[in-house]
Amino acid sequence: MIDFSRNYFDLFGLAPAFRFDNAVLDRAFRELQTEVHPDRFAGGSDAQKRLALQSSARVNEAYRALKDPVRRAQYILRLHDIDAVGETDTALPLEFLERQLERREQAADAQAAGDVATLATLLADARAESRALEDRLAQLLDGDRAFATARTQVRELTFLAKLAEDIDAMLASIET
Amino acid sequence: MALFQISEPGEAPAPHQRKRAIGIDLGTTNSLVATVRNGLAVVLPDSEGRPLVPSIVSYGERGVETGYAAMARQTDDPQNTIVSVKRMMGRGLADLTDARRFPYRFVDTPGMVKLATRAGVKSPVEVSADLLRGLRERAETSLAGPIDGAVVTVPAYFDDAQRQATKDAAQLAGLPILRLLNEPTAAAIAYGLDNASEGVYAVYDLGGGTFDISILRLSRGVFEVLATHGDSALGGDDFDHRVFCWIIEAAKLPPLSPSDARLLLVRAREAKENLSEHETASILATLSGGQAVNLTLTKAIFTEITANLVAKTLLPVRRALRDAHLQAADIKGVVLVGGATRMPQIRRAVAEFFGQPPLTNLNPDEVVALGAAVQANKLAGNRERDDDWLLLDVIPLSLGLETMGGLTEKIIPRNSTIPVSRAQEFTTYKDGQTAMAIHVVQGEREKVADCRSLARFELRGIPPMVAGAARIQVTFQVDADGLLDVAAREQGTGVESTITVKPSYGLSDGEIAKMLADSFAHAADDMQARALAEARVDAEQIAAATESALTQDGDLIDRDERAAIDAALATLRRLHDGADHLALRAAVESLNHATAELAARRMDRSVARALTGKRVDALSD
């Protein structure tokens with residue numbers, strides 16, 4: 001089956017980089033699942049079935065971790081023993097925090113008013129800022145290999161993703 | 001069986017015996033069973049050529065009847081003739097908001113609701129098992145032998161309790177279950193393989209009692225479900241009920257007896273079906289009190305009284321698209337599944353929403369069973385020409401735990417690709433706390449009270465520590481059937497306590513044991529029949545192989561050997577149609593023994609034949 005000690009990039013035969021070709025990951029994921037998925041071992045022994053279940057779950061987890069830029073950035077830092085997920089240190093640049101808090105307030109007002117257009121604009125803005133951060137992270141992680149420095153950007157990206165998710169949920173609550 | 005091991009070197013060995021694999025669509029209104037024959041998925045009809053089996057079980061004076069036989073009883077004996085049992089699977093009485101629609105005598109037991117029938121109190125699992133047993137028998141007759149493996153479909157939006165209940169029903173019915181498969185996914189397999197499709201598709205599945213929408217990406221033989229949503233209590237039944245209410249109002253009827261209510265529901269369904277083809281439908285009935293009902297329902301009125309049901313299906317469609325991060329315009333095609341999608345107002349609404357006419361080139365009643373048969377065939381190990389495909393499905397509802405304040409902590413979010421395993425750490429909140437209550441829930445809501453409770457258990461033996469020092473890892477694992485296992489382990493101090501629960505839906509282990517015991521008398525018969533059927537198949541195969549060997553290589557044995565084989569063959573034939581599987585097994589063994597020498601000599605001859613004509617360098621490796 002699969003080697004559980006290998007890191008997620010290794011598992012898919014990818015170089016550990018923030019920027020990569022999504023199509024290559026998709027292909028590697030499908031190929032690996034084709035090998036390990038429990039459907040291939042439906043007639044196998046209980047031990048084989050259990051191993052297939054664990055391997056397939058591991059491949060799904062690895063794919064999820066690498067597919068999404070936020071989780072991918074967090075994972076790259078983790079490979080360098082840097083925790084960007086924990087809640088022990090929540091410090092973020094003040095200017096960044098102020099911008100996001102303002103966005104959140106505007107979103108809450110728009111939700112109360114049922115203002116879909118404003119929510120959509122806020123969502124688009126948050127996503128645009130995320131993309132700019134991703135470009136900066138690509139430079140920090142892949143170019144400069146400045147992992148410790150990148151921690152702030154990764155936390156900002158995580159924060160923005162959560163904000164975008166919340167605005168999306170607000171939109172959903174109005175539209176449906 | 002010595003004779004079977006012979007094949008000419010250089011030729012492909014004799015193909016392994018095909019497994020009898022079936023796909024079952026266990027529907028709210030109708031069920032089907034299908035298999036793959038000569039590389040083609042086909043529905044197995046009954047002896048009268050009818051593909052559908054009404055999902056009705058009658059516990060009448062003549063015993064248990066299912067399908068059409070049970071359907072004939074529904075107006076005479078509504079309380080003992082169970083229809084739409086799927087709506088009750090894994091559900092408590094409090095969950096059945098439409099319970100008063102049914103004429104049954106419900107028994108409000110903890111966990112799953114039960115039904116008082118002439119044959120005793122039955123759980124929906126047992127009623128479903130009776131349906132499945134009927135389907136199994138149909139398949140065994142059609143395939144001339146016991147079933148090796150079955151895939152049973154469930155609505156994609158079924159939660160863990162409903163899935164577990166379905167799997168238990170299959171086991172109770174003696175079906176060797178290979179997999180639970182989501183209905184829209186099954187349809188996508190049938191459709192996708194048939195049309196060699198690529199791209200993102202939506203499957204809109206409105207059945208008798210459930211609604212599912214699944215968004216799938218079909219790419220190079222991989223069927224990847226991106227998101228699924230639905231309503232496990234919305235279907236064609238609800239359209240019937242609207243018509244039924246309209247009849248009562250229009251005809252100004254007084255409160256009805258169960259028989260009259262059932263009769264009018266049947267008329268309502270007929271009218272609904274008629275309106276898919278015609279502009280008007282007449283509703284004629286004579287009630288038990290002699291009162292006559294004579295009404296005409298127009299398409300316009302029908303569309304009007306069901307408009308909010310149609311709208312209700314579009315809500316999950318929007319949510320599924322949102323979860324998949326897609327717009328309606330990104331969808332390449334919309335596949336319609338389920339008999340209820342024949343209603344023109346549904347087709348219109350779907351076409352309008354997606355901006356394209358839906359795909360209707362497959363029979364919406366059969367496509368799920370066909371897809372399930374294809375999957376069963378593959379899982380059973382039967383090789384086909386184009387079986388190089390893979391299915392990646394998701395869980396429909398988030399799985400989580402209750403935390404402080406009655407709030408839900410999600411461990412596995414909805415639409416996670418399965419199988420999936422995820423762990424989260426929790427800690428104690430009191431000094432010296434040695435036990436922790438773990439409450440597993442499923443659903444999207446923040447408050448535990450608004451989610452479905454799946455299981456409760458306690459982790460004991462946590463070493464006393466100050467609050468917050470213990471590290472308790474709770475692991476959720478969802479298998480390829482979409483079924484959950486939960487384990488908890490204290491790992492802070494190296495002392496470990498592990499417990500694994502299978503979430504139950506209120507059926508205790510004792511109840512399951514009793515049900516199995518009740519079915520034991522039946523099961524003993526089943527086992528007998530299975531053993532006999534297997535022995536017969538073996539007997540037929542060895543007889544055929546022996547005859548073929550005698551024709552080809554009869555010159556390899558002398559007269560006495562030939563006489564022994566002929567005698568063994570004759571005994572085998574005599575016992576073939578008897579009821580004693582042990583005697584038949586013995587006859588198979590004895591024929592096997594009598595042909596052993598012939599088999600060995602045939603092997604030598606084959607090897608000799610293969611060697612002649614080969615160049616010497618081909619032999620030295």
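Each chain gets a letter, A, B and so on, in the order its sequence line appears, and its residues count up from 1.
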By salt bridge (charged side-chain N to carboxylate O under 4.0 Å, His left out), which residues pair with Arg30(A), not counting sequence neighbours?
Glu224(B)
Among Gly381(B), Ala380(B), Pro419(B), which residue forms the greatest number of heavy-atom pairs with chain A at distances under 4.5 Å?
Pro419(B)
Go through Leu178(B), Leu392(B), Leu314(B), Asp388(B) and name the one with the most non-hydrogen pairs under 4.5 angstrom from chain A.
Leu392(B)
Atom CZ of Arg78(A) with >12 non-hydrogen neighbours under 6.0 angstrom
no
Check each atom of Glu61(A) against the heavy atoms of chain B and say whether the ones under 4.5 Å are side chain, backbone, both or neither.
side chain
Could you pull out all residues at least two apart from Thr313(B) that satisfy side-chain hydrogen bond (donor to acceptor under 3.5 Å, both in side chains)?
Tyr204(B)
Lys49(A) NZ: over 12 foreign heavy atoms closer than 6.0 Å
yes
Is there a side-chain contact between Leu171(A) and Arg322(B) in this structure, where contact means two heavy atoms from C-beta onward sitting under 4.5 Å apart?
yes
Neighbour count >12 (heavy atoms, 6.0 Å) for atom CD, Glu446(B)
no
Minimum side-chain heavy-atom gap Asp479(B)-Pro38(A) below 4.5 Å
no
At a heavy-atom separation under 4.5 Å, does Ile418(B) approach chain A through its side chain, its backbone, both, or neither?
backbone
So for Arg64(A), is it side chain, backbone, both, or neither that comes closer than 4.5 Å to the heavy atoms of chain B?
side chain
Tell me, side chain or backbone of Tyr63(A) under 4.5 Å from chain B's heavy atoms, or both, or neither?
side chain
For Asp39(A), is it the side chain, the backbone, both or neither that has a heavy atom under 4.5 Å from a heavy atom of chain B?
both
Please report the shortest heavy-atom distance between Val478(B) and Leu53(A), naming the atom on each side.
O-CD1, 4.0 Å
Just to be sure I understand the criterion: a residue of residues 214-221 of chain B counts if one of its heavy atoms is under 4.5 Å from a heavy atom of chain A. Which ones qualify?
Arg217(B), Ser219(B), Arg220(B)
Quick one: are Arg58(A) and Ser421(B) in side-chain contact, heavy atoms under 4.5 Å?
no
Glu198(B) atom CD, neighbour heavy-atom count above 12 within 6.0 Å
yes
So side chain to side chain donor-acceptor pair (under 3.5 Å) across residues 3-22 of chain A, not counting sequence neighbours, yields Asp3(A)-Ser5(A), Arg19(A)-Asp135(A)
Flag if over 12 foreign heavy atoms under 6.0 Å of NZ, Lys447(B)
no
Name the residue from Thr417(B), Leu390(B), Leu391(B) that meets the side chain to side chain contact (heavy atoms under 4.5 Å, CB included) definition with Gln33(A).
Leu390(B)
